[in-house]
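For reference, the structure discussed in these notes is given below.
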Amino acid sequence: GASTSSPGGSPSTTGAKSPIIIGAVIDETNTMKPFDVPALNAAEIQASQINASGGVDGRKIVFKVYNDQLVPALTRSDAIAAVSAGASILWVSCDVNFATPAIQVGLQHKLLTIAPCIGTDQMGPSLFGPAGKLAFSYGNAPQSDGAVLARLLIQHGWKTATVVTDKLLTYFTDVCQNFSTDFAKMGGHVVSQLSYTTGDHTVTQVASQAAQSGAAATVLCTTTTPDLPAFVTAVRTLGNAKPIVGPWAIDGGFWEPSNPAISTNIWWSTFASVFGDDPSPQIRALEAEMVAKGEAPVTGGFVTGPAAVQGIVTAIKDAGGSLNGTRLAAIMQTFHDVNTISGPVSFSSTYHTVVGRPYRIIEDTAGKPHFVEILTPGPLGS
Amino acid sequence: MRPRLRLVAELAGPLSLVVVVAVAGSAMSIAQQGNAINVLVTATIVVALYVFIGNSGVWSFGQISFVAVGAFAAGLLTSPTATRQTSMPTLFKFLATTQISNTESLVLAAGLGAVFSFLAGLVLMRLSGLSAGIATFAVLEITYDVLTYWDKIGPGATTLALVPVTTSMTVGAVGCGIAIVVAFAYQHTRSCRLLRASREDPVAAQGLGISVFRHRLVAFTISGGLAGFAGALFVHELGSISTGQVYIDLTFATLAMLVVGGAGSLWGAVLGGMGLGVVDAFLSNAENGVAFGSVNVTLPNGMRVVILGVLMVVVLIIAPKGVTGSREFLERFLSKRPGRAGAGNKPGGSLAGGASVADDGSQAVPSPSRTQS
Amino acid sequence: MNPLLRLDDLRVTYGRVVAVKSVTLEVNEGQAVCLVGPNGAGKSSTLLAVMGAVRSRGDVLLRGTSTRGLRPEALAHLGVAMVPEGRHLFQTMSVQDNLSLGTLARRQGKRARIDERWVTELFPIIGQFASRRAGLLSGGQQQQVAIARALLSDPDLILLDEPSLGLSPVAVDAVFEVLERIRGVGVAILLVEQRAQRAIRFCERSYVLSDGEIRLEVTGGAVEDPQAVVEAYFGR
Amino acid sequence: MSWVSDLVNAISLGVVYGLVAVSVGLVFGVLRQVNLAQGEVIALGAYSLWMTRGLPVAASIAICCVVCVAMSLAIQVAIFRPLRGASALTTLIVTFGLSYALEAVWLIAFGPNGEPVSMLSSLNSVVLGGSIALRWITLVEIGASGLFFTGLVLILYRSKIGMMMRATAEDFQTARLVGVRIDRVVTWAFVFGGLSAALVAVLVTVQSPLVTPSFGFNLIVIGLVGVVLGGIDRLGRATAGGFVVGFVNSLLGAVVPEQQLVFLPMLTFLFVIVILVLRPAGLFTPRGSIVERV
Amino acid sequence: MPDQAAEGDAVNLAGSGDAVGGAGAPPLSGSTGGLVCSEVSVAFAGVRALDKVSLSVNRGEVVGLIGPNGAGKTTLLNVLSGFASTVTGSVHLDGQDITHFTPQRRARLGLERTFQHGRLFSGLTVRENVELGALAVRASSRSARSIADRLLANLGLEEMADLPVAQLSHGDQQHVSVARAVAATPKYLLLDEPAAGLSEGSMAELGVVIERAIRESGAGVVLIDHNVDFVLKLSDRVVVLDYGEVLAEGPSDEIRRNVDVVSAYLGEAGVEDLAASQAQ
Ligand SMILES: Nc1ncnc2c1ncn2[C@@H]1O[C@H](COP(=O)(O)OP(=O)(O)OP(=O)(O)O)[C@@H](O)[C@H]1O
Ligand SMILES: Nc1ncnc2c1ncn2[C@@H]1O[C@H](COP(=O)(O)OP(=O)(O)OP(=O)(O)O)[C@@H](O)[C@H]1O
Ligand SMILES: [Mg+2]
Ligand SMILES: [Mg+2]
């Protein structure tokens, strides 16, 4: 069984029309929970708004949620359960490694398979071959992450950078790599390339090197693992107060040491500001609703959930109400600047992950993260 | 008569459990069938662990390395070559182009597991106790590190996708059955009997002429082969694999199954693997909510692991040798009852008869033969 | 007056195995009592039960008070010491540390009758090997340290399980000499021995144990009727 | 001069694992049993530091000590008492089960994100700047663990309770026979174990402030590797082993070329295997002393 | 005394056991045969446990080894069976130099030993323990089983055959460990205090088992025990060891008569044991 939510409250008045079931196989327990759950919560709010305003051609959107707890076999059998429960769209966890057992079930059953916020560009044919045509992620491609960070540095006049890559995930490596290329193209200079792997206990060492490299800024591609605060602490206490810049994965601010001298001049890109100051009133409203429900999002990634719902609805409408995965996917692949709450979404035959969407830049000053500006990465390869 | 019956029971017990799980699993919903197959595959891994740990008494935290190697080899070489070349451009040429059938991949995985474990065993099998535990753990860490970051031999840090899903209920059951038969056959070899003795007292074993190293190596290699085989079943069950799935979590989960069942017997390994597997599957369903008639029970998220951990602790405290007491199926009932209550009337007929010392009466306190008491 | 130790219908079972069926005996202060019998008769089990180290039924009375439920360490502090069967030294600790551990259970405020000088004199090897790891001593040497360790707690009652095990004949003599001397200072002895003849001669009272039951009681140290002892061993 | 700072870093990491090793070695020293759940004691201590972040530092540390000791004692009563006499590996597995469960409890209670502890973060400032980058925390770690370790060694090898602890470790049945009140002795061992866990929690969170559910397990696993590598029988050897693992890992990290750095764990664990094969009883266990009499 | 020891050494070095005292059982093999150790010295942390000791035993012969505690008897047995770590001198088995062989290898050449302190496979049953003795060297499962059953019957242990040995009394365990060694039908059997803690009746049974092993497989036996009477009865030749040196050596009768020579060792207890048997 699974928890079923029929957002929109009142029993269907449209009568005969069957609902559109989205089977969500996500993690509600483990390390992906902070990403998966807010995205889903926000998506359900979005769906309920759609349902309230008559649904998709009169059909309601219903989420059936399965907690896969990141256990591979369970992830697979949950996906099978979702399919047998009549799901016509599969919604998966935001880490491609954890999600693959479910993704493959979706692809095998020719369902449109959506991850709200996978941040690698693997969600698509590149990893899943021809079948992967049905797979999309509403997260940002690492190419964009890297590009926007490069732009951020250039824009603020930080011409030299130390790049620190956490080799734990392909996503981190990709972001840093793209940053370096773009940064160089834009006239920046990478002073030194450093790396470590989360958990290998060399972070303090790397931090010392980074702190002393003399670059105008440090770019760090990692997530909020225990090593991130250790890194920041080490750099700051060595007297380096220059900007530390990271991708969406370090969004949230919850990890920051409360010492204001340490948690300052830290920058990152994200989908939305969760600090109450996002420029978009739509997003602010959505956030307020989530907070009211006690589901306050931790990172800006939550907007990918409703964005995905909007994308799905757009595709269904374009397909004339068809739920045929192949058809929907074909339509989705042609998305060009489709408007969503997260900004314009575009896909292409190479990228089934969003590229070119504007980012929010957040700066943390003395432990207080706040919205700074919106930056658009620009077309790839610029 | 009795010994033969014991032998039959020893094999029939575990095998019938496989049949029960397979048959019961087939009767369930399609999603639950996946869980049942997973139970069978996990039990196969536990049997592989048992072959070494149970028989040698040396704890290895490294067997999952062999599962990993088997899984990646079988998965890689059966996945479509076209996507291999696009998604893993750095692969060695022969790995990028070779394509084998699923059956071949099972054999290959078993072979690779055996070869790898043999080589590791050559270095490690002289160690015992905690040193052996830590050294085998090191093997796990090394395997994980190499598989995750050496992208010439596999997908590296990304998932290996598009592996054909061929481990059906039948394949799972047959595979598990094969592992059980191999383990059973092995544990009746002379080599294994000597190994089992040596774990009780290695020094005494040496004195008797038993080469602990050699017999351990045999067990380690067979165990590695079975582990590789189980890895292949595993990858063909999921259809994909990433290194994190064959690492510490799986190591400890399967070890827990082995200990809870009873590490010293094949029956314990199979029962533990299947039993905890079923409990685990049940608990994960319970986190999604299960209906008991009209009552809907939903476990709070995360409770599955808490319950499993506590279960393991409690079982081991109550029954340190596992729920089977490390005895084979029905062994308790089929073996001669030990115990000689009262120690009373033993049959006489001692050849000694207290002959030389006791009977001459010249001593104030002759001590007659115990056997006549 | 109460005897120092009284076993009342003691019974020890291990699962289904009955090791001691019924043993009733007494040890008075300053008295030596021995328990002899064939292998597997239940001698060791009896001593362990007295010490509270195995579960038993029946009653064990120390100075007239039941010791039911008391753990071995509690009995040690009540003045009962034990030399267990086989080597049970702390193998990786030095001989000196082993002996110091022996003094743990000494009762405070009482002048010790037995001290380290005393035992070193009795067992010269102790002085010789004081700083050696106990586990490296030869079998017989270890046995001597074990006896010395028990003595050092200055007990009122000492339980010895085959103290002559693995000892060379001269060392056996030394042990009996030690026993003589501690009896002289008022320590009661409950002795289990395979050297039955010598043990019986040494003790005020002896019991022949067979199949977990006392078959014969010999008093006064002299064996008047050897045949009866033989029969007791055999079991009637 | 960068090798100086590499060395300083290596020593600093070594000291942390040395301290974790003390924590593991202590219980092993008394019970000949491994307590993997010690990691969860450390984790709870660290979480308690987070929960008491509003309080004065001293109060926060005091509460952390109390929490760690209480939890340590609870583990002793619930797990180690019933398992008395079981083998090191049995308890390793049981306490693994416990840590597994406790980690899930932290996950439920505190969430997967982790909580930052920033107490004493000023200790991260440098004593000697420039390329050496010697931090106060490193000095404090060396000092605190040196003191704690010396204290423990004095207790274990010079005091009566220490002797009783060692006797219990060796053969608890016989220890009882000579009158060692082993319940008390074991209790003391767990009190010290709890204190050492608190110390680890305080020191580690200074440098690595984010407390996640796997905080303790990650520490204890490497700590245990170190303990066995050094020679688990003696506290000193075990501690040195912990130090060596940290030190070698850190030093390798400085030496290995950046491109190959991902294989650092492989190199570290290869080192562990080589040492174990050459010196199965531990790097610091003198060759002669392992000869068992037959 | 030193002279005598030196003489014994000299003779043993030549490798022929029967020259010593002349009253030993005739060797079954030629002059190169026998289990021989020559000029063996072992030291532990500076302390000499053995000082240039030589000893030989032939097939079919029982050599008793007596001496005070700490004399080096067990150490000598360790040297013969390959368990001693630091050795100078050499060990030969039927002419083959086995000085550097591992214990396993020696066992497979037909050298079996018991240990002074049990070392049984405590979780296994009595029968399994004895079977393993046979199985470890070469026997098939079936023959191992029949060997075990016979030995257990001889020792009156068949009642306990299916008990785990941990549940046996000390004396019964002693029996099992001898049975385990005998089950391998060794060429040479080294027994370390097999009679310690045995009641005299059990001791007699043990004697019979040992004698039978000699009769059936022609084993050469080195027998250590502190019960002098037991040793003298069974031995053809006796070596007295003290402080790591050979103090005296000769046929049993001679040692028996020569009470003076060894009174330092025998004491009251030993003399008593002897007297008892001399009365026979
Ligand atoms: N731990 C145990 N579990 C089961 N049975 C046991 C155990 N210990 C002893 N026994 C049995 O109890 C009986 C008495 O054993 P005990 O050790 O008391 O004899 P004993 O008189 O001391 O013999 P010995 O002279 O050989 O030392 C024996 O039959 C033995 O097999
Ligand atoms: N591994 C060792 N390390 C240090 N000393 C040892 C070792 N083995 C034996 N010794 C010492 O060597 C001497 C001879 O010991 P051994 O065990 O051979 O004596 P033994 O004649 O068998 O005595 P027992 O009759 O008491 O068993 C003893 O002093 C003993 O302490
Ligand atoms: Mg006894
Ligand atoms: Mg000896």
Side-chain angles (χ1 to χ4, degrees), chain A residues 27-37 69-70 165-168 173 192-209 211-212 223-239 252-263 298-299 367, chain D residues 2 5-6 8-10 12-13 16-17 53 104 107-108 111-126 129-133 135-138 204-215 218 222 245-246 249-254 256 258-259 261-265 268:
Chain A
D27 172 32
E28 297 178 305
T29 307
N30 220 318
T31 49
M32 290 311 291
K33 174 182 172 183
F35 304 98
D36 288 355
V37 170
Q69 304 161 60
L70 303 185
T165 312
D166 175 359
K167 297 270 176 93
L168 183 71
T173 324
S192 68
Q193 288 276 6
L194 303 171
S195 75
Y196 69 96
T197 309
T198 285
D200 75 354
H201 314 288
T202 59
V203 68
T204 329
Q205 226 161 310
V206 174
S208 308
Q209 292 170 28
Q212 287 154 11
T223 181
T224 60
T225 55
D227 284 349
L228 173 61
F231 181 91
V232 173
T233 308
V235 168
R236 288 287 179 260
T237 49
L238 281 176
F254 58 86
W255 53 270
E256 289 178 306
S258 61
N259 187 334
I262 291 173
S263 304
V298 180
T299 83
Chain D
S2 94
S5 88
D6 289 340
V8 168
N9 277 317
S12 166
L13 187 66
V16 169
Y17 281 114
R53 63 198 174 282
L107 195 62
I108 295 172
N113 279 336
E115 311 289 3
V117 175
S118 348
M119 201 186 59
L120 296 178
S121 65
S122 51
L123 282 181
N124 280 302
S125 54
V126 289
S131 57
I132 298 176
R135 297 161 190 278
W136 280 110
I137 179 65
T138 308
V204 169
T205 49
V206 172
Q207 274 191 299
S208 190
L210 198 67
V211 188
T212 55
S214 57
F215 181 84
N218 291 343
I222 304 294
V245 168
N249 183 80
S250 188
L251 218 54
L252 281 174
V256 173
E258 202 263 310
Q259 285 307 308
L261 215 51
V262 286
F263 296 113
L264 179 59
T268 307

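Here the structure is a predicted model, which is why all the values come from computation and not from measurement. In the text below, chain A, chain B and the rest are named by the order of the sequence lines, each starting its count at 1.
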Residues in side-chain contact (heavy atoms from CB on, under 4.5 Å) with A/S263, at least two apart? A/E256, A/P257, A/D364
Which atom of D/E258 lies closest to which atom of A/K167, heavy atoms considered: OE2-NZ, 3.9 Å
At a heavy-atom separation under 4.5 Å, does A/S258 approach chain D through its side chain, its backbone, both, or neither? both
Rounded distance (nearest 0.5 Å) linking atom CG of D/L210 with atom CZ of A/F231: 15.5 Å
I'd like to verify something: which residue of A/D227, A/I262, A/L194 has the highest number of heavy-atom pairs under 4.5 Å with chain D? A/L194
Under 4.5 Å from any heavy atom of chain A, what part of D/V8 do you find: side chain, backbone, both or neither? neither
Among D/G253, D/S250, D/G111, who wins on heavy-atom pairs under 4.5 Å with chain A? D/S250
Keeping the roles fixed (side chain from A/D200, backbone from D/V262), state whether a donor-acceptor pair exists under 3.5 Å. no
Return the option, out of A/T224, A/N30, A/T31, with the maximum number of heavy-atom pairs under 4.5 Å with chain D. A/N30
Using the rule given for side chain to side chain contact (heavy atoms under 4.5 Å, CB included), can you reason through D/R135 versus A/L238, listing the C-alpha separation, both sets of side-chain angles and the distance that settles it, and then say yes or no? CA-CA 9 Å; D/R135 297 161 190 278; A/L238 281 176; 3.3 Å; yes
Can you list the steps and then say if D/L13 with A/Q205 is a side chain to side chain contact (heavy atoms under 4.5 Å, CB included)? CA-CA 10 Å; D/L13 187 66; A/Q205 226 161 310; over 6 Å; no
Residues A/S195 and D/L261: closest non-hydrogen pair is O-CD2, 2.9 Å
Who wins among D/P116, D/A254, D/S12 for the most heavy-atom pairs under 4.5 Å with chain A? D/P116
If you count heavy-atom pairs under 4.5 Å with chain D, which of A/T197, A/V232, A/V203, A/N259 comes out on top? A/N259
By a 4.5 Å heavy-atom criterion (distance strictly below it), what part of A/L228 contacts chain D: side chain, backbone, both, or neither? neither
Would you mind reporting whether A/H201 and D/I222 have side-chain heavy atoms less than 4.5 Å apart? yes
Side chain to side chain contact (heavy atoms under 4.5 Å, CB included), paired with D/N9, selected from A/T202, A/T204, A/V206: A/T204
Side chain / backbone / both / neither for A/V298 at chain D, heavy atoms under 4.5 Å: side chain
